[in-house]
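See structure below.
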Amino acid sequence: MDYKATLNLPRTDFPMKADLPRREPEILRRWEELDLYGRLRVKGLNRPRFLLHDGPPYANGHIHLGHALNKILKDIIVKYRQMMGWDCPFVPGWDCHGLPIEHQVDKELKSQGLSLSLVEVRRRCRAYAERFIDIQREEFKRLGVLGDWEHPYLTMRPAYVAAILREYGKFFFSGAIYRSRKPVHWCATCLTALAEAEVEYEEHRTPSIYVKFPVLKTAWPVVARAAKAALVIWTTTPWTLPANLAIAVHPDYDYAAVQVGEEVLVVAADLAPGLLAHLGLKGEVLETRRGRDLEGLLCRHPWLERDSRVILAEYVTLSAGTGLVHIAPGHGQEDYDSGLRYGLSPYSPVDDHGRFTPEVPEFAGQNVWEANDGIIALLRSRGALLKAETATHSYPHCWRCKEPIIFRATEQWFISLDKNDLRRQALKWIDKVTWIPKWGRDRIYNMVENRPDWCISRQRAWGVPIMAFHCQGCGGAFLTPEILERLLARVAQEGADFWFTEEPAHLLPPGTACPNCGGTAFRKETDILDVWFDSGVSFAGVLEADPELGLPADLYLEGSDQHRGWFHSSLLAAVGTRGMAPYRAVLTHGFVVDGEGRKMSKSLGNVISPQEIIAQYGAEILRLWVTAEDYRDDVRLSPAILRQLADAYRRFRNTIRFMLGNLADFDPARDYVPPAAREELDRLALSWLAQITDRVRKAYLDYEFHLVFHRLHQFCAVELSAIYLDILKDRLYILKPDSPVRRSAQSTLLDLLEYLLRLLAPILSYTAEEAWAQLPPRPRPESVHLADFPAALTGFPDEALLAKYDFLFMVRGEINREMDLAKKAKVVAAAPEARVLLGVAAEAAAHLTVLQQQAPELKTLVQVEHLEIRPGPLPEGRAGVELPWLTVRIEKAPGEKCVRCWYHRPGVGEDPAHPQLCRLCRQVLGV
RNA sequence: GGGCCUAUAGCUCAGUUCCGGUCAGAGCGCACGCCUGAUAAGCGUGAGGUCGUUGGUUCGAUUCCAACUAGGCCCA
């Protein structure tokens, strides 16, 4: 007879093979049909709000793993907070303006030989952004990220643009905005400023000259005493010499005064010998001095009626030149920074076409490149030239016309960090914000403390125009609240395109006069705003604008690069306009790197895309990855790590599947046994469940998701699969279906599942949902995401029970060790066929009593029918490893094996009708 | 070059955090077995680490300090 059919084996429709790439989209559809996000909003009414404000990704390209990491982390937080009782609206957004898109559009237009109007370019940029917003939206949704995807915020929407300009106006009217010159990359052919990304470096031949700056005044005696003394600089851009305002030395390098004929020349001491030889000079070092002691030394410009002062700069190197650097603050970034430090103006007497202005009478009107020769000749005639040669080196060129570019100071707009105390207030607010991890505080603090004023202007087309007017009469820029509001009324309706086409007379109210000089002729500002200003005011454009949201946000969550980016601009903008930080807490994650910890790059060929992972493994594996790794550091991903995660996923899935399978005949309404009335082992499992629930809740709240993963994974693998579920099989399979003891087990399985699925839902959102639908029917929300997070069951954990079993599991460990040897020696094939003999040494008499009392529990734990405990060591037994007072021996159990339950239990062979069954099995079958 | 960060078994992580001395752990993977009534599953046992390197403080450091190396982010 086939007794196997009489067992209660697991049955379930929950498949072992997940087939996630196919199944996930189905679940996604179910959520949409259910309007899960809308249902959550209803559920959240009257709950305390937890606001995670989405930082807008740039609407360009497909999403990469960094996006996936970021959005999944946000999704986990939104989901667990919602399940824990908060109301968590999540409004995703996109950053739409800016150079990368404009650059792409420019490239397309260029390849088509098109030259379009600004408004037409902007229209194409808008279409480009929209295209990628749609692409990214689908990709984010596919990750399982829940949010208001139908109503995201876009920084290019008219209402948002109006919000940007309103915040700009607040700065403007507070007097924090000023205009000043700052060097930018400039193409004199295309007549445009270039961003760093539009600059290509190519080999270029330039002059290379050594120039003397005569010393006027110094406290260095050997130099002061000399009849003639000069500092020697080296430059490859002679044309910047008319704008020279200083000479930089390194504070820690030594500089030598070298007697050369009648003259004393100053150069870096380490370079002196080589330089003299190169210049064809003979000389003798008189004395050396530290660079820092030269600060303030005064020189004369080689031909202009102007002084040039020695300043200190850390960026001076000895790798080329003389160790003394010619500084033209209007023609170089470092020069400019030094200029700011020393109060030098960014002087730049060069016009848009790259020609000298009349400020340089000798070369006025000449193109700077052509003027190089004249300048060299002038230096020679002045006796200031030590040597002129040519050099080839890497030099920036325009991406568009391929001509060499120049660095030139142009008028820019700035937000002052010190006007209105912005810097100090921002620093104060940094200390009121919770930074996770806490070193984030130091990082942003140092940046804000040391950063220069915020340059908010860009000479581009795709962005929010800086709305201001320039008086043709006095040249002053002006804007009034009335004028701005008038403009904003239009912007909010139609966007800002009109600014680019309409004349000032149409934009200004009739009769407008310059508040400064009364002039009535105006010019529009043509610059646009830095995109960091766009996203930096999202607290106004999104949080304040939506009554469902609000300011401040509870959390901003982005990669650690955003200490410089969005966290930074948002802080300055909010402190500057609201006098507060826009966030209560800021959480940062690291970057995605490969299995060796190296950054992913096309050149290294180690890039993995989320799309290929989703296609091969499913989004669930990506979510598991985000959870398993400690995101505070860099996050590694490699094919091997993915395989490991897939293994971990299978463990979760099979554990769930097994439990579901054993609930096939379970009707909660009819069969559920209250926890207190259950078998002891079931109550032990509930104690474990209570512990894990507690720990997992805490790990979620502490944002330590990797602990959530590890604890739940271990719980499934060890406490459930290896111990509880394994032991439970006998009870579940062998007994009568409606045996109270079996119902006790099933009730526990249901509890375990309902808890486990909810604890997993923020992470394995798809799988938890799939399994939730397979649970035995009982009143519960239609989606696991609509359920509340479980709290520990009352009465659990049972500490006494846990302590009792701690000891029993140690004994079980010793038995298992011996059982393994017994199986290998073919004494038994499986535990139910074994008889376990335990000997307890005389000195451990207390253990003997306990063991004898708890022998039934121990039998259950090691799944044997025959267990004997004897005083004194067993002569043929083996001593325990961890319990040396214990000796263990495994023998073949007496009697025959029952073919149904596989135990050597009494009664086999008694009944001629069922000679292969034990008494228990015959009882169960009623024969 | 500067600011901030990271470095524990093959992999992912605990832990030693503010008081340095049962803190060298877990899971996975791997190896060797068992089972075939979770079966492209399940169970048992076992082998793996001088806690990045080098110094210093200390009776004693993986844990404190410094330097270095490697890697990451942001600047320059």
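Convention: sequence-line order gives letters A, B, ...; per-chain numbering from 1. These numbers come from the heavy atoms of this one structure, side chains and all, not from hydrogens, waters or symmetry mates.
- Backbone-only contact: A:M447 has heavy atoms under 4.0 Å from sugar-phosphate atoms and none from a base.
- Residue contacts for A:R441: at a heavy-atom cut-off of 4.0 Å it reaches no nucleic acid atom on any strand shown.
- Salt-bridge annotation for A:R643 and A:D647: absent, with no side-chain N of the basic residue lying under 4.0 Å from a carboxylate O of the acidic one.
- The six-membered or imidazole ring of A:Y724 lies away from that of A:W688, with a centre-to-centre distance of 6.0 Å or more.
- Pair check for B:U12 finds B:A26; Watson-Crick or G-U wobble, both atom distances under 3.5 Å.
- For A:V593, whose side chain is taken as the heavy atoms from C-beta onward, the closest listed nucleotide among B:G72, B:C11, B:C73 is B:G72.
- Distance, A:R564 CZ to B:G2 C1': 12 Å, rounded to whole Å.
- Distance, A:K823 NZ to B:G46 C1': 15 Å, rounded to whole Å.
- For B:C64, the paired nucleotide is B:G56, the pair qualifying as Watson-Crick or G-U wobble because both relevant distances are below 3.5 Å.
- Relative to the ring axis of A:Y700, A:R697 does not place its NZ or CZ within 45° and under 6.0 Å from the centre.
- OP1 or OP2 of B:G37 has at least one side-chain nitrogen or oxygen of A:K4 nearer than 4.0 Å.
- Remark: P of B:U12 and CD of A:E596 are 10 Å apart, rounded to the nearest angstrom.
- Using a cut-off of 4.0 Å between Lys/Arg side-chain N and Asp/Glu carboxylate O, A:R632 and A:D630 are scored as salt-bridged.
- Of the possible polar contacts, one joining the A:N606 side chain to the A:S601 backbone as a donor-acceptor pair under 3.5 Å is found.
- Within the nucleic acid shown, A:V718 comes within 4.0 Å of sugar-phosphate atoms alone, with no base atom in reach, counting heavy atoms only.
- With B:A38, B:C4, B:G72 as the candidates, the nucleotide lying closest to the side chain of A:W439 is B:C4.
- Whole-Å rounding puts the A:L660 CG to B:A38 C1' distance at 12 Å.
- One can place CG of A:N446 at 9 Å from P of B:G3, the figure rounded to the nearest angstrom.
- Nucleotides B:G15 and B:C23, compared at atom C1', are 6 Å apart to the nearest Å.
- Nucleotide B:C43: paired with B:G33 (Watson-Crick or G-U wobble, both distances less than 3.5 Å).
- Rounded to an integer number of Å, the gap from CE of A:M600 to P of B:G71 is 16 Å.
- Across the protein-nucleic acid pair, A:H589 atom NE2 and B:G72 atom P stand 18 Å apart, rounded to whole Å.
- With A:N8 contributing its side chain and A:L732 its backbone, the two residues share a donor-acceptor pair below 3.5 Å.
- Residue contacts shown for A:K729 include a base, since a base heavy atom lies under 4.0 Å away.
- Along RNA chain B, the nucleotide nearest to A:D337 and the one nearest to A:R632 differ in position, and the one closer to the 5' end is contacted by A:R632.
- Counting non-hydrogen atoms under 4.0 angstrom, A:K826 reaches the backbone sugars and phosphates but no base.
- By the 5.5 Å and 30° criteria, A:F658 is not stacked with the base of B:A41.
- Residue contacts shown for A:S721 include a base, since a base heavy atom lies under 4.0 Å away.
- Judged purely by distance below 3.5 Å, without hydrogens or angles, the side chains of A:Y903 and A:D730 pair a donor atom with an acceptor atom.
- At the phosphate of B:G72, neither OP1 nor OP2 sits under 4.0 Å from any side-chain N or O atom of A:R636.
- Each of B:G44, B:G27, B:U6 was ranked by its minimum atom distance to the side chain of A:N816; first place goes to B:G44.
- In this structure, B:U6 and B:A70 make a Watson-Crick or G-U wobble pair, each of the two defining distances being under 3.5 angstrom.
- A donor-acceptor pair is defined here as one N or O able to donate and one able to accept, closer than 3.5 Å; such a pair exists between the side chain of A:R657 and the backbone of A:F14.
- Side-chain N/O atoms of A:R817 include none lying less than 4.0 angstrom from OP1 or OP2 on B:U45.
- A donor N or O paired with an acceptor N or O is not found under 3.5 Å between the base of B:A38 and the side-chain atoms of A:T12.
- Here A:N654 lies in heavy-atom contact (under 4.0 Å) with a base.
- Residue A:M819 is out of contact with every strand shown, counting any heavy-atom pair closer than 4.0 Å.
- When the nucleotides B:C74, B:G72, B:G37 are ranked by their closest atom to the side chain of A:R443, B:C74 comes out on top.
- Residue A:R651 has no polar side-chain atom (N or O) positioned under 4.0 Å from OP1 or OP2 of B:G29.
- The nucleotide whose nearest atom lies closest to any side-chain atom of A:D647 is, among B:C28, B:A41, B:C11, B:C28.
- Using atom P as the reference point in both B:G72 and B:U12, the two lie 16 Å apart (nearest Å).
- In B:G72 the base sits anti relative to the sugar, since the glycosidic angle is further than 90° from 0.
- Counting non-hydrogen atoms under 4.0 angstrom, A:L7 reaches a base of the nucleic acid.
- Taking every side-chain heavy atom of A:D634 into account, B:G72 is the closest of B:C73, B:G72, B:C35.
- At whole-Å resolution of the value, CG in A:D630 and P in B:C5 are 15 Å apart.
- In the set B:A38, B:C34, B:U36, the nucleotide with an atom closest to the side chain of A:W902 is B:U36.
- Residue contacts for A:A628: at a heavy-atom cut-off of 4.0 Å it reaches the sugar-phosphate backbone alone, with no base atom in range.
- Between A:H64 and A:H67, the gap from one ring centroid to the other is short of 6.0 Å.
- Taking side-chain N and O atoms only, A:K599 has a distance below 4.0 Å to OP1 or OP2 of B:C73.
- When Watson-Crick and G-U wobble pairs are counted only if both distances are under 3.5 Å, B:C18 pairs with no nucleotide at all.
- At least one side-chain nitrogen or oxygen of A:Y733 sits closer than 4.0 Å to the OP1 or OP2 atom of B:A38.
- Nearest-nucleotide mapping onto RNA chain B: of A:H706 and A:L725, the residue sitting toward the 5' end is A:H706.
- Side-chain nitrogen and oxygen atoms of A:R657 include at least one within less than 4.0 Å of the OP1 or OP2 phosphate oxygen of B:U39.
- Between A:K824 and B:G44 there is no side-chain polar atom (N or O) within less than 4.0 angstrom of OP1 or OP2.
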